[in-house]
Amino acid sequence: MSSVLPVLCGAVLLGAPGYLMLCALDVRLRLRWGWAPAVTVLLTVVLGALFRVLGIRWTLLSAVIGIVLLVALAAVVRLALQRRTARRLTTSTSTSTSTSTSTSTSTSTSVGVPAPQDWSRGTAAAVTGASILSGALVAASAARRMGGISTLNGSFDSFFHLSAAAFIRERGDASFTTALSDIYGEPTFYPVVFDDLVAILPFDVITAANAMMLAMLAAIPPAVAAMVVGVSRPARSAPLLVALSAGAATLFLSTPAMALVMGLWPIVLGVVCLAPAIAAVLMLTDRRHGAPGVGTAAGLVLIVIGTALAHPSVLFSVAVVAGLRLLAGGIERMLGGGRLRGLIEVCAALAAAVLFVAGSHVLLSGMALTKPSLDGVGSVLGEILLDSPRIPAVPALLWPMAALWILAMIGAAAAVRSREVLGATAALGLLASLMLGVATQIDHPLAVALVNPWYGARERIAPLMMCMLVLLMARGLLALLESGGRRRRSLPGALAVGAVVVTVLIALVTPQRLPLMGSLAYTAYGVQLTPYVTSEERSFIERTAQELPEGSVVLADPLDGATLYWSVGGVETVFATMSRPLTREKTLIAHYAHRAGTDEASVELCRALESVGPTHLYRDTSEASGQRINPEDSERWRGVHDIPESRLTLVDASGPYALYELDPAC
């Protein structure tokens, strides 16, 4: 199957609901496609909860109808409020007062955004097209070595989300507290928006997951462009800077690595929403055009909430920017003569930082899940600067990032020299992201507390660096384009623009970058990881799943790939994900299933087997079995491994893969 149609469907599902809502509310934001995914997340969560209460199944049809109704309701409410406001102005004020108020309202509505008359429709369309094209090139480059849109991602986390999407599709529940109850055994909060969207794409679950993953990668350049246009001051060169910012977003590798190699798909959705959320925070605190109106402020706050619902860890990156904006604003006030108020803002920012660390140490101590690299701190810092993820097969190349760093340093110097609060915030944010990245390598309680919210993984911190670096790059380009006299200013600016364009074009086709990562968890397993399921094993599971009678329940070590019986074959499995058993019943089965029918069998074990009702056992004895590639984790299912042959009747076998009918023996 060609990947074009599935990815296009994924992109439409990710962006269209939010875009339509922004249009219905007449939100005056440039590059609405960049802001749209955060709004889509919010709409998905609202509809998922509402459908749960009303007993409506989560399907493509019901979701589309729900979105249309919400958009229509928003448009009706907006028109009613506009008419009410116009009526009040007509009856209570003179024409001149009415005009003045209307102008003031328009200004506050577009706070932090270039006024609509700054760009012609052609210019706006060209910039939008350039940002979307940048995203399309990212998706195309990433998909080059995936082996096709239906190729299974072999990473650990991908198996969880394939099962999650399959559960949502089967149960019709998209609520963020109950959608995964079958996995966790009880209502549990989980950021399921990615899984919700995958569940309603009209393709098989693997194709749908891959399509949505590529659509999210394609959405990052428009999102970064929307951030830049949202916080940059109006300038003649603004359209060019925004288009180049979208192109620069294609150079960063940590997020594609999380998507393509690690299968961390919900955090990638959070990254898509991160750039608009950062812009929202900076626009809320921007006073260059006056205080934002109530409607504008509410809309920007909702963007941040949508980002948090996409993935909560991303909210901490937004919080870092908010705190640094307060710090930079306080310092600027102190330098400008407002010492008392500036000192209060600085103290508030420092107090927030202390609370951040203390709260992380107390509440998030269990999130330090990433083992530090064995490389030295200096080597790791170099990899962080080049945004090279912790994947040995991916080389840390200097040239793709060199132009961005040079321009960012120019931008930081220009911002500090001009005492620009937003520029200073971006510079502080860039420094903070580097410090947090290095902290992932330091085994100290303070360092651990700093990075707990990001699970101790520098790839999850790197998107913050991306946003800050691109903002400063755009400021550096602006400084060069405006430097010198009329005759001289074009040369340094033209050279800088050319350097960015050439870097982006070469980086997108360089085999050692995106195309390489597109293969590591899809086809070239030996370079990075051993697959949990080979193509031969997948074929065996798909075939035997179709032959099993209705009501069958498959028992197996999930590290043997048996989760595909549920996510691909639609056959219930005892362990639908490769996570540790999450309920007492399934833990008993995992540890002691082999004791059934013996004197060692407990009453609780027999009750668990009767409740869960396994009817078949799947075994993988190949070199890629769970016991071979991950013996420590596979030990959690030692009772499943040791079920005696006397309780098994062979149903089908192909090489090292076998399916048996199971006698529960209790």
Parallel, tilted or perpendicular: which fits the ring planes of Phe316 and Trp454, with parallel below 30° and perpendicular above 60°? perpendicular
Short question: side chain of Thr178, backbone of Pro187 - any donor-acceptor pair under 3.5 Å? no
Rounding to 0.5 Å, atoms NE2 (His311) and CD1 (Ile267) come to a distance of 4.5 Å
Can you establish whether the number of heavy atoms outside Arg419 located under 6.0 Å from its atom CZ is more than 12? yes
Can you tell me how far apart CG (Leu214) and CG (Asn210) are? Round to the nearest 0.5 Å. 6.5 Å
Do Asp157 and Met262 have side chains that get closer than 4.5 Å, going by heavy atoms? no
Distance only, no hydrogens: is a donor on one side chain within 3.5 Å (strictly under) of an acceptor on the other, for Trp58 and Ser175? no
For atom CE of Met367, is the number of surrounding heavy atoms from other residues, nucleotides or ligands below 6.0 Å larger than 12? yes
State, with a plain yes or no, whether a side-chain heavy atom of Ser134 is found less than 4.5 Å away from one of Leu137. no
Less than 4.5 Å apart, any side-chain heavy atom of Trp265 and any of Asn153? yes
Ring center gap for Tyr190 and Phe176 short of 6.0 angstrom: no
Decide yes or no for Pro191 and Pro312: does some side-chain heavy atom of the first lie under 4.5 Å from some side-chain heavy atom of the second? yes
With distance as the sole test, does Ser245 use its side chain to make a donor-acceptor pair with the main-chain N or O of Leu241 at under 3.5 Å? yes
Could you tell me whether a side-chain N or O of Thr250 sits under 3.5 Å from a main-chain N or O of Gly247, the two making a donor and an acceptor? yes
Could you tell me whether a side-chain N or O of Thr577 sits under 3.5 Å from a main-chain N or O of Phe160, the two making a donor and an acceptor? no
If we ignore hydrogens and angles and just use 3.5 Å, is the side chain of Thr59 paired with the main-chain N or O of Ser62 as donor and acceptor? yes
Face-on cation placement of Arg57 at Phe51 ring, 6.0 Å and 45° thresholds: no
Heavy atoms, side chains only, cut-off 4.5 Å: are Leu43 and Leu70 in contact? yes
CG (Leu309) and CG (Leu315) are apart, to the nearest 0.5 Å, by 9.5 Å
Asp173 side chain reached by Ile168 side chain, heavy atoms, under 4.5 Å: no
Side chains of Thr44 and Asp196: donor-acceptor distance under 3.5 Å anywhere? no
Quick one: side-chain contact (heavy atoms from CB on, under 4.5 Å) partners of Thr188, sequence neighbours excluded? Tyr184, Glu186
Examine the side chains of Thr425 and Arg325 and answer whether a donor and an acceptor come within less than 3.5 Å of each other. no
Closest non-hydrogen atom pair between Leu326 and Ala348, with its separation: CD2-CB, 3.9 Å
